[in-house]
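Worksheet for the structure shown next.
Each ligand, and each atom within it, is numbered from 1 in the order the structure gives. All residue numbers in this chain count up from 1 along the given sequence.
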Amino acid sequence: MNRLDVIQALMRQKKLKNYLEIGVENGHIFFRIKSTFKIAVDPTFIFDITRRLGKVIINPYNLNNQYFEKTSDEFFERDAQQAFSARKIQLALIDGMHEYRFALRDVENTLRYMDDDGVIIMHDCNPQTVGAAGRFDDWETGEWNGDVWRTIIHLRSQRPDLNVFVLDCDQGLGIVTRQKPESALDFTPSQIDALTYDELVLNRKKWLNLKPEAYFYDHFGLSK
Ligand SMILES: C[S@@+](CC[C@H](N)C(=O)[O-])C[C@H]1O[C@@H](n2cnc3c(N)ncnc32)[C@H](O)[C@@H]1O
């Protein structure tokens, strides 16, 4: 199971349609989504107008796409109010700058415009090596997930209004909904800053509220 399977299952079976993707890159996921309301945000899209038009032919839903070639912070500061004036977000994939506070701002800003029963999916929450799990400036080579795992710990510690778990697939898919949390942590932001990858390894299941793929279907009452 990957992020596309999760998004498509929620769209088909929960009828969640209005879609925001932060961090779109070449549109590998974005262009496949079947929704008449799709917003793409990325400071550097890896596609041109020709590819956009080609994607309309393959998936006609792409005709109505709205593109914002800028950082998510700039988007939320300048464009979000207008973009979501008529329709709220029902599904968001947060996959932009993979650092603790960037991802946290993306979640907090997304929530300001999200329906009560909307779902946020966060990519790269479960890094498997110390090299993949750090801040961008410390990254040297190979896989990089960043420290979005700290964002998960933050949300589980500081937001009693949100239920947060991580599916153990596709580099760790964080799932955030407005619900009473199943369980909570009690870290402060400065404690979260000081956590190490070794500590994450020892506490991975508890801190990330890590769940097997099957949990996703049970939790949302979906069929496979
Ligand atoms: C891993 S890629 C996204 C992949 C895409 N979501 C997918 O599933 O195929 C990360 C993207 O985040 C973008 N990005 C980096 N900083 C960003 C920011 N501050 N705001 C929004 N997007 C950002 C990068 O330009 C890059 O295209």
* Is the number of heavy atoms from other residues, nucleotides or ligands under 6.0 Å of Glu69 CD greater than 12? -> yes
* ligand 1 and Val24, any nitrogen or oxygen pair closer than 3.5 angstrom? -> no
* To do: Could you tell me if the ring centre of Phe187 sits under 6.0 Å from that of His154?
  => no
* **Option whose closest heavy atom lies nearest to atom 2 (S) of ligand 1, chosen from Glu25, Gln171, His28** => Glu25
* Indicate the ring-plane relationship of Phe136 and Trp139, choosing parallel, tilted or perpendicular according to the 30° and 60° boundaries. => tilted
* Report yes if some heavy atom in the side chain of Leu10 is under 4.5 Å from a heavy atom in the side chain of Phe220; otherwise report no. => yes
* To do: Would you check, one step at a time, whether the test side-chain contact (heavy atoms from CB on, under 4.5 Å) holds for Leu195 with Trp207?
  => CA-CA 11 Å; Leu195 297 176; Trp207 287 1; 3.8 Å; yes
* Structure fact -> Counting from 1 in the order shown, the ligand 1 atoms closer than 4.0 Å to a non-hydrogen atom of Ile29 are 7 (C), 8 (O), 9 (O)
* **Distance from atom 19 (N) of ligand 1 to nearest protein heavy atom, with residue and atom** => Thr71 CB, 3.7 Å
* Heteroatom proximity flag, Ser72 to ligand 1, N/O under 3.5 Å -> yes
* Measure from atom 17 (C) of ligand 1 to every heavy atom in Glu74, Glu69, Met97 and give the option owning the shortest one. => Met97
* How far is atom 23 (C) of ligand 1 from its nearest protein heavy atom, and which residue and atom is that? -> Pro43 CD, 3.3 Å
* ligand 1 and His98, any nitrogen or oxygen pair closer than 3.5 angstrom? -> no
* Asked: Between Tyr67 and Phe31, how do the two ring planes meet: parallel, tilted or perpendicular, split at 30° and 60°?
  -> tilted
* Structure fact -> Among non-hydrogen protein atoms, atom 11 (C) of ligand 1 lies closest to Asp42 OD2, 3.5 Å
* To do: Going by heavy-atom distance to atom 6 (N) of ligand 1, choose the closest among Gly146, Gly23, Ala103.
  => Gly23
* Asp95, any N or O under 3.5 Å of ligand 1 N or O -> yes
* Which bit of Asn26 gets closer than 4.0 Å to ligand 1, counting heavy atoms only: side chain, backbone, both or neither? -> neither
* Asked: Can you list the ligand 1 atoms lying under 4.0 Å from a non-hydrogen atom of Glu21?
  -> 5 (C), 6 (N)
* Do Asp116 and Lys88 meet the salt-bridge criterion of a basic N to acidic O distance under 4.0 Å? -> no
* Asked: With a 4.0 Å cut-off, would you call Asp168 and Lys211 a salt bridge?
  -> no
* What part of Arg3, side chain, backbone, both or neither, has a heavy atom within less than 4.0 angstrom of ligand 1? -> side chain
* To do: Measure up the Phe75 and Phe84 rings against each other and bin them: parallel (under 30°), tilted (30 to 60°), perpendicular (over 60°).
  => perpendicular
